[in-house]
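Reading through the structure tokens given below for one structure.
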Amino acid sequence: MDLRDEFREAARKRDVPEDAIEWWLQLARPVLELNTRCEGPVVGYFGGKPALPEGVEWPARMTYLASLDLSAIPAGSHDINLPSDGHLLFFSEPDITPEAEVIYVPAGTPVTERELEEDSYRKECERFPLYGLRGWDLPFNREDSAIDIGESRYDEEVFSDIKWYLTGDNDTLCTIGGYADRATGGGEHGLESPEEETLLGYLFVDERLGGEGFCRDGTMVGWILDNEDLAGRRFDRARTVSDFNG
């Protein structure tokens with residue numbers, strides 16, 4: 001079910017007026033969902049070996065998690081300022097509160113798949129395709145959005161509570177865009193300034209997928225960029241946010 005429709009249904013059960021529901025839904029933003037089902041085009045891969053340009057090192061102490069082909073993203077599936085082509089490669093420390101990096105490889109750049117060193121502590125994750133679909137996201141609080149929807153029309157704590165219980169898609173491993181306020185209970189989230197920063201995305205990984213070090217029940221790794229750095233394609237300046245089930 002479309003998350004907006006799920007929100008409407010939940011709000012109606014709490015007798016929220018229709019005009020208040022639609023007022024809050026102005027904050028809905030498209031988000032690219034990368035899932036494991038065979039739905040939508042293949043837009044990336046989880047695991048395998050990272051294909052890196054000459055002179056670009058595999059980040060120290062980090063596990064290679066996934067790649068995203070920016071040219072394969074379905075139109076309208078996000079609202080952030082991403083390049084139209086090239087690849088994003090996602091790395092993370094194997095930890096429940098990790099440091100992480102993202103590397104942008106422009107289209108046409110010669111690359112080589114990197115092998116693990118024989119004595120490496122890193123784990124090569126099993127490789128499988130990620131399929132891209134457009135989803136939607138809503139904030140917990142209006143302060144998390146740069147969208148101005150005017151004066152309050154309803155008790156906004158009700159909307160926050162409804163958002164907490166929305167189910168989402170359990171087959172989604174990675175999201176691109178949306179709000180930086182998702183929480184599983186173990187960490188803190190949010191942009192310092194929604195007007196000046198952008199959530200690049202979240203990736204969900206556990207010990208089964210990423211190996212020892214990640215939380216057994218799931219670690220959520222996210223990357224946030226200053227808008228100027230995003231426009232300048234300085235993905236190496238992304239800061240990490242993380243959360244875990246616990």
Side-chain angles (χ1 to χ4, degrees), residues 31-38 42-53 55-69 87-105 111-132 135 167-190 199-225 235-246:
V31 58
L32 174 66
E33 297 178 345
L34 279 67
N35 66 75
T36 57
R37 299 189 310 272
C38 297
V42 174
V43 298
Y45 288 88
F46 185 90
K49 298 178 176 66
L52 293 167
V56 176
E57 298 300 322
W58 186 326
R61 303 181 303 280
M62 292 194 183
T63 297
Y64 170 57
L65 294 178
S67 65
L68 173 63
D69 181 353
H87 289 77
L88 293 177
L89 278 62
F90 298 93
F91 298 81
S92 174
E93 291 179 331
D95 197 345
I96 61 174
T97 55
E99 288 299 317
E101 291 189 22
V102 58
I103 294 175
Y104 171 52
V105 181
V111 295
T112 303
E113 282 193 349
R114 303 294 172 85
E115 300 285 343
L116 285 173
E117 306 89 344
E118 289 186 7
D119 60 349
S120 176
Y121 54 84
R122 299 184 183 109
K123 175 182 181 293
E124 183 176 316
C125 303
E126 178 185 354
R127 188 175 189 263
F128 55 84
L130 296 171
Y131 302 87
T167 60
D169 186 345
N170 290 331
D171 293 316
T172 296
L173 288 186
C174 183
T175 57
I176 300 296
Y179 288 104
D181 60 3
R182 288 165 230 178
T184 61
E188 296 293 332
H189 290 274
L199 171 70
L200 177 59
Y202 282 119
L203 197 149
F204 304 83
V205 63
D206 56 22
E207 286 186 347
R208 177 181 61 86
L209 292 172
E212 185 178 354
F214 291 102
C215 181
R216 180 190 64 189
D217 297 321
T219 300
M220 183 168 64
V221 187
W223 294 264
I224 289 175
L225 273 166
F235 289 91
D236 59 308
R237 297 187 181 181
R239 64 181 176 91
T240 309
V241 290
S242 64
D243 200 356
F244 59 91
N245 281 317

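No hydrogens, no waters, no symmetry mates; every other heavy atom, side chains included, goes into these values.
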- prompt: Quick check: does any side chain N or O of D206 sit under 3.5 Å from a backbone N or O of D217, one acting as donor and the other as acceptor?
  reply: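 Side chain of D206 to backbone of D217, a donor-acceptor pair under 3.5 Å: no, none is there.
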[X] to [Y] - nearest heavy-atom pair and separation:
X    : Y    : value
Y64  : C125 : O-SG, 3.8 Å
P94  : E212 : CB-O, 3.5 Å
V221 : P98  : CG2-CG, 3.9 Å
G222 : Y202 : CA-CD2, 3.5 Å
G132 : L32  : CA-CD1, 4.0 Å
A66  : L130 : CB-CD1, 4.4 Å

query: With sequence neighbours left out, what residues match E99 under side-chain contact (heavy atoms from CB on, under 4.5 Å)?
result: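 For E99 the side-chain contact (heavy atoms from CB on, under 4.5 Å) partners, ignoring immediate neighbours, are M62, E93, T240.
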- request: Please name all residues satisfying side-chain contact (heavy atoms from CB on, under 4.5 Å) with I96, sequence neighbours left out, ordered by chain then number.
  value: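 Only C215, T219, F244 meet the side-chain contact (heavy atoms from CB on, under 4.5 Å) criterion with I96.
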Roughly how far apart are [X] [atom1] and [Y] [atom2], rounded to 0.5 Å?
X    : Y    : atom1 : atom2 : result
C174 : L203 : SG    : CG    : 4.5 Å
L116 : K49  : CG    : NZ    : 7.5 Å
L200 : T175 : CG    : OG1   : 9.5 Å
W58  : E101 : CH2   : CD    : 13.0 Å
H87  : L68  : NE2   : CG    : 8.0 Å
L199 : W223 : CG    : CH2   : 10.0 Å

task: Could you pull out all residues at least two apart from F214 that satisfy ring-ring contact (aromatic ring centres under 6.0 Å, His included)?
output: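 By the ring-ring contact (aromatic ring centres under 6.0 Å, His included) rule, F214 matches no residue at all.
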- request: For the residue pair L34 and L173, establish whether any side-chain heavy-atom pair is separated by less than 4.5 Å.
  value: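 A side-chain contact under 4.5 Å is absent here.
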- request: Find out whether I176 and L88 are in side-chain contact, i.e. whether some heavy atom of one side chain is under 4.5 Å from a heavy atom of the other.
  value: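 Contact flag for I176/L88 side chains = no.
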- prompt: Picking from L65, T63, V102, V205, what satisfies side-chain contact (heavy atoms from CB on, under 4.5 Å) with S92?
  reply: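 Testing S92 for a side-chain contact (heavy atoms from CB on, under 4.5 Å) against L65, T63, V102, V205 leaves exactly one candidate, L65.
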message: Can you classify the ring geometry of F46 versus F128 as parallel (below 30°), tilted (30 to 60°) or perpendicular (above 60°)?
response: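 It falls in the parallel class, under 30°.
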task: Give a yes or no on whether R114 atom CZ has more than 12 heavy-atom contacts from other residues, nucleotides or ligands under 6.0 Å away.
output: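 Enclosed: over 12 neighbouring heavy atoms sit under 6.0 Å from CZ of R114.
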